[in-house]
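Basis for what follows: all heavy atoms, side chains included, without hydrogens, waters or symmetry-related copies. Residue numbers count from 1 along this sequence.
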Amino acid sequence: MELARIVARFARRPQVVFVTAHEEHAVDAFAVQATDYVMKPVSPSRLARAVDRVLEGMASAPAAGASASAEGVTAGEPTDPAVGPAARQEGGSPSAGVPADERIAVELGGVTRFLLRSSIRYVQAQGDYARLFTATGSHLLRVPLSTLEERWAGAGFVRIHRSTLVSLAHVSEVRQSQGRVSLVLVPDGTELQVARRHTREVREHILARGSRPR
């Protein structure tokens with residue numbers, strides 16, 4: 001882990017994959033922007049996915065370097081490993097492969113308003129419907145949570161609890177305490193607990209999102 005922290009500060013960092021039987025180090029791996037975190041025993045299909053992520057990361061390295069230079073980072077200067085995928089995407093540039101943004105119609109007091117999917121930080125089930133939470137408020141949508149989970153999976157929404165979906169683009173921090181994992185959201189630090197049954201899947205989604213070209 002110490003070596004990973006060092007190489008994460010390189011302007012052109014190598015692809016790092018953790019292969020371990022210890023699940024508790026996954027949060028630290030996210031902090032140093034590991035390409036993948038593979039749990040033992042390792043199946044051939046899971047190993048192939050890790051290799052694919054390494055290859056994708058290598059292919060995107062020149063573009064990432066060019067982007068860093070455009071932002072004023074000179075070659076050889078360490079980058080900050082604490083800046084995760086959520087912070088980088090706040091500028092509004094779409095990630096490769098992510099579906100175009102979507103307008104969602106919601107009603108409030110007889111008035112129909114439109115929200116952009118990208119403004120939604122998380123979604124919670126409310127009976128047979130879903131409540132959408134943005135930075136400025138919440139809106140009831142007459143659609144089941146399960147429908148939104150399937151429809152928005154490609155846009156970075158993942159289930160962290162049987163009644164909650166979170167947009168990974170709004171996650172600024174991953175916390176772990178006493179074996180429990182929670183996600184901290186921008187801009188106000190809202191903290192949402194991840195159910196134990198979803199912890200491993202959420203970690204994999206976060207690591208995968210961090211390894212994609214930006």
Side-chain angles (χ1 to χ4, degrees), residues 26-31 33 37 80-109 111-177 180-214:
V27 173
D28 292 329
F30 165 70
Q33 300 180 42
Y37 192 89
D80 185 358
V83 179
R88 290 193 184 95
Q89 289 184 357
E90 287 177 2
S93 56
S95 299
V98 175
D101 209 349
E102 178 182 345
R103 298 178 72 202
I104 300 101
V106 295
E107 291 187 11
L108 181 61
V111 178
T112 300
R113 299 180 179 178
F114 294 92
L115 300 177
L116 289 177
R117 185 189 57 218
S118 59
S119 70
I120 299 169
R121 302 189 300 158
Y122 63 101
V123 186
Q124 289 186 332
Q126 189 166 326
D128 293 332
Y129 303 139
R131 182 164 291 278
L132 314 178
F133 289 83
T134 68
T136 57
S138 68
H139 307 270
L140 188 65
L141 185 66
R142 290 177 171 80
V143 175
L145 188 71
S146 57
T147 299
L148 294 180
E149 178 183 20
E150 180 179 353
R151 181 173 168 181
W152 291 351
F157 282 78
V158 298
R159 187 182 288 265
I160 65 168
H161 186 274
R162 61 186 178 86
S163 63
T164 308
L165 298 178
V166 166
S167 169
L168 296 182
H170 291 272
V171 175
S172 63
E173 186 179 341
V174 181
R175 293 178 180 171
Q176 183 169 333
S177 177
R180 301 302 299 269
V181 173
S182 62
L183 305 180
V184 180
L185 309 184
V186 291
D188 60 357
T190 296
E191 186 170 353
L192 300 175
Q193 293 289 328
V194 179
R196 291 185 185 276
R197 61 176 295 188
H198 294 291
T199 297
R200 184 168 179 173
E201 181 182 0
V202 169
R203 284 169 171 164
E204 288 193 356
H205 276 294
I206 289 174
L207 287 168
R209 189 175 184 86
S211 67
R212 290 176 186 167
R214 296 176 179 80

Result block: side-chain N/O donor-acceptor pairs under 3.5 angstrom for residues 150-158, not counting sequence neighbours:
unit_1 : atom_1 : unit_2 : atom_2 : d
R151   : NE     : E102   : OE2    : 3.2
R151   : NH2    : E102   : OE2    : 2.1
W152   : NE1    : E102   : OE1    : 3.1

Distance-minimising heavy-atom pair for [X] and [Y]:
X	Y	result
Y129	R142	CD2-CA, 3.3 Å
L145	S163	CD2-C, 3.5 Å
I120	S167	O-CB, 3.4 Å

Do other residues, nucleotides or ligands put more than 12 heavy atoms under 6.0 Å from R113 CZ? no

Worksheet entry | Note, V143 side chain near I104 side chain (heavy atom, < 4.5 Å) | no

May I ask you to test the S119-T134 pair for a side-chain heavy-atom distance under 4.5 Å?
yes

Open item on the list: What's the separation between atom CZ in R159 and atom OG1 in T164, rounded to the nearest 0.5 Å?
Closed with: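 OG1 of T164 is found 8.5 Å from CZ of R159.
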
When rounded to the nearest 0.5 Å, the distance separating NE2 of H205 from CG of L168 is 7.5 Å

Taken in chain and number order and not counting sequence neighbours, the residues that satisfy side-chain hydrogen bond (donor to acceptor under 3.5 Å, both in side chains) with T147 are none

Test your reading of the model: is there a side-chain donor-acceptor pair from D101 to the backbone of S118, 3.5 Å cut-off?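 Looks like yes, one N/O pair under 3.5 Å.
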
Under 3.5 Å, which donor-acceptor pairs link side chains of residues 184-194 to any protein atom two or more places apart or in another chain?
unit_1 : atom_1 : unit_2 : atom_2 : d
D188   : OD1    : R121   : NH1    : 2.7
D188   : OD1    : T190   : N      : 3.2
D188   : OD1    : T190   : OG1    : 2.9
D188   : OD2    : T190   : OG1    : 3.2
E191   : OE1    : R175   : NH1    : 3.0
E191   : OE2    : S182   : OG     : 2.6

